[in-house]
Amino acid sequence: MSDTTQLPAFIGALDRASEWFGRTLAWLIILMMLIQFAIVLLRYAFSVNSIFMQELVMYMHASVFMLAAAYTFRHDGHVRVDIFYRGMTPRRQALINVVGIITLLIPVMVFIIASSLGYVANSWRILETSSDYGGIPAVYALKTLIPLFAVLMIVQGVIEIVRNGYVMTGRITPGAAGGNHLEERV
């Protein structure tokens with residue numbers, strides 16, 4: 001990943017915030033594992049079941065999945081079928097990235113926002129709670145992750161448009177050739 005100091009100040013700050021946010025969310029995975037361990041221990045060792053703890057794991061999993069998608073996008077960690085892409089020059093790859101973001105990512109994320117706002121607003125209006133007794137009384141907060149996910153993806157998409165624009169104009173040199181793909185670094 002290129003140095004964010006080469007990007008315009010505001011875009012670089014957004015990019016650093018995206019990096020920080022993604023790394024911070026990663027800690028939820030450890031917390032989620034510990035709570036899941038406690039659930040199993042309580043259930044099988046002490047015959048105690050906690051709906052609240054089970055839903056808490058579900059909420060944390062949804063948070064990591066939905067909110068870390070932009071972080072994953074930033075690190076080019078999403079699945080990509082790159083039969084032709086891999087052999088292209090960095091400038092052509094940057095052009096493909098920009099076209100993909102503008103024609104696919106942003107329209108789909110705008111659709112997700114538009115189609116989920118009523119759903120989320122309705123949940124907030126009634127302050128929707130868990131249907132299970134003892135569950136988390138904030139289903140509306142969980143549903144809010146849907147448009148938030150899309151907004152974060154759009155913000156990261158704009159950052160990537162600028163970054164790839166800088167690659168196309170030669171202002172940023174992409175990472176080491178051929179070592180860009182995660183599966184090649186494993």
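Values below: all heavy atoms of this structure, side chains included; hydrogens, waters and symmetry mates excluded.
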Who pairs with A62 by side-chain contact (heavy atoms from CB on, under 4.5 Å), at least two apart in sequence or on another chain?
L142, L145
Hey, could you give me each pair passing ring-ring contact (aromatic ring centres under 6.0 Å, His included) that has a residue in residues 98-124? Not counting sequence neighbours.
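ring-ring contact (aromatic ring centres under 6.0 Å, His included) check on residues 98-124 returns W124-Y140.
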Separation between [atom1] of [X] and [atom2] of [Y], rounded to the nearest 0.5 Å:
X	Y	atom1	atom2	value
L25	W20	CG	CH2	8.5 Å
L28	L67	CG	CG	9.0 Å
I161	I106	CD1	CD1	4.0 Å
R74	R16	CZ	CZ	9.5 Å
L41	R43	CG	CZ	13.0 Å

If we ignore hydrogens and angles and just use 3.5 Å, is the side chain of S18 paired with the main-chain N or O of L14 as donor and acceptor?
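Side chain of S18 to backbone of L14, a donor-acceptor pair under 3.5 Å: no, none is there.
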Report yes or no: do F21 and V64 belong to one cluster of Ile/Leu/Val/Met/Phe/Trp/Tyr joined by side chain heavy-atom distances under 4.5 Å?
yes
Between I159 and Q156, is the side chain to side chain contact (heavy atoms under 4.5 Å, CB included) condition met? List the steps.
CA-CA 5 Å; I159 293 167; Q156 191 62 46; 3.8 Å; yes
Where at least one partner belongs to residues 111-129, residue pairs that pass salt bridge (charged side-chain N to carboxylate O under 4.0 Å, His left out), sequence neighbours excluded
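Of all non-adjacent pairs touching residues 111-129, those that pass salt bridge (charged side-chain N to carboxylate O under 4.0 Å, His left out) are E128-K143.
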Grab the two heavy atoms, one from I11 and one from L7, that are nearest each other, plus how far apart they are.
CG2-CD1, 4.1 Å
